[in-house]
A.B. asks: 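Here's a structure for you.
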Amino acid sequence: MKKLSFLFAIILSVAFLNSCKNKEPSIVKIYVRSSSNALIEGAKVIIVGDKASNPSTFAYVDTVITNNAGYASFFLDPHFDLGGEDYEVAYFDVIVKTNSLNVGSGYVRTRVHTTAVETVFLP
């Protein structure tokens, strides 16, 4: 009976520890606005990992087109998974291009298991 109780306690402990892990996704949302503050649909948003940041960000490049709500959403869990448990902060340069050749830029800092939001205004 003691062995069964001990086994049950171990199983319960493992289940409890797994339930404590943060399962929130790591997301960067970039809103794109015109000089008149209107949200822009169909803009190309590129994020590039800033390797010169402190702490350094792993190499990363991704491109997403803004949706009808005027933002591009980047799912960064695979990026943070590459860095292991100690890799919790990343910095990205943001480049925005539209069909009318407007170009904008920005910078965003994000943490693992959070959603970072940044707005880029086009000229």
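As the structure is a computational prediction, the values presented were derived from the model and not from experiment.
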A.B. asks: Answer whether the closest heavy-atom distance between the side chains of Phe75 and Pro25 falls below 4.5 Å.
C.D. replies: yes

A.B. asks: Closest approach of Tyr107 and Val94, non-hydrogen atoms and distance?
C.D. replies: N-CG2, 4.3 Å

A.B. asks: According to side-chain contact (heavy atoms from CB on, under 4.5 Å), who are the partners of Leu39, at least two apart in sequence or on a separate chain?
C.D. replies: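 Partners of Leu39 by the side-chain contact (heavy atoms from CB on, under 4.5 Å) criterion, ordered by chain and then number, come out as Tyr31, Arg33.
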
A.B. asks: Can you see which heavy atom on Lys51 is nearest to which on Ser56, and at what distance?
C.D. replies: O-OG, 2.9 Å

A.B. asks: Roughly how far, to the nearest 0.5 Å, is OG of Ser105 from CG of Asp93?
C.D. replies: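 So the gap between those two atoms works out to 8.5 Å.
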
A.B. asks: Out of curiosity, Asp77 CG to Glu24 CD, how far, rounded to the nearest 0.5 Å?
C.D. replies: 10.0 Å

A.B. asks: For residues Ala43 and Thr98, report the shortest heavy-atom separation together with the two atoms involved.
C.D. replies: CB-CG2, 3.9 Å

A.B. asks: Please round to the nearest 0.5 Å and tell me the distance separating atom CD1 of Ile40 and atom CG of Asn68.
C.D. replies: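 Rounded to the nearest 0.5 Å, the CD1-CG separation comes to 14.0 Å.
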
A.B. asks: Quick one: do Val61 and Phe74 end up in the same hydrophobic cluster if we chain Ile, Leu, Val, Met, Phe, Trp and Tyr together by side-chain heavy atoms under 4.5 Å apart?
C.D. replies: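 Shared cluster, no.
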
A.B. asks: Under 4.5 Å between side-chain heavy atoms, counting indirect links through other Ile/Leu/Val/Met/Phe/Trp/Tyr residues: same cluster for Val32 and Val64 or not?
C.D. replies: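 Same cluster.
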
A.B. asks: Distance check, rounded to the nearest 0.5 Å: Thr110 atom OG1 versus Glu88 atom CD?
C.D. replies: 11.5 Å

A.B. asks: Honestly curious: do Tyr71 and Ile27 fall in one hydrophobic cluster under the side-chain, below-4.5 Å linking rule?
C.D. replies: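 No, no single cluster joins them.
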
A.B. asks: Does the side chain of Val48 reach to within under 4.5 Å of the side chain of Asp62, using non-hydrogen atoms?
C.D. replies: no

A.B. asks: Can Val108 be reached from Val112 by stepping across I, L, V, M, F, W or Y side chains whose heavy atoms are under 4.5 Å apart?
C.D. replies: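 Yes, it is one cluster - the side chains of Val112 and Val108 are joined through contacts under 4.5 Å.
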
A.B. asks: Got a second to check how far Ser35's OG is from Asn102's CG, nearest 0.5 Å?
C.D. replies: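 With rounding to 0.5 Å, OG (Ser35) is 8.0 Å from CG (Asn102).
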
A.B. asks: Minimum heavy-atom separation for Lys29 and Ser73, please, with both atom names.
C.D. replies: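 What the structure gives for the nearest pair is CG-OG, 4.2 Å.
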
A.B. asks: At their closest point, which heavy atom of Leu122 faces which heavy atom of Gly104, and how far apart are they?
C.D. replies: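 Leu122 and Gly104 have their closest heavy atoms at CD2-N, 3.4 Å.
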
A.B. asks: Should Val96 and Tyr91 be counted in the same cluster of Ile, Leu, Val, Met, Phe, Trp and Tyr side chains packed under 4.5 Å apart?
C.D. replies: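 No.
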
A.B. asks: With sequence neighbours excluded, give me every ring-ring contact (aromatic ring centres under 6.0 Å, His included) pair touching residues 43-65.
C.D. replies: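 For residues 43-65: Phe58-Tyr87, Tyr60-His79, Tyr60-Phe92.
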
A.B. asks: Around atom CG of Asn37, are there more than 12 heavy atoms from other residues, nucleotides or ligands closer than 6.0 Å?
C.D. replies: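 Buried by this count: over 12 neighbours within 6.0 Å.
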
A.B. asks: With a 3.5 Å cut-off and no angle check, do the side chains of Thr57 and Asp50 form a donor-acceptor pair?
C.D. replies: no

A.B. asks: Rounded to the nearest 0.5 Å, what's the gap from OG1 on Thr63 to NZ on Lys97? Could you check?
C.D. replies: 8.5 Å

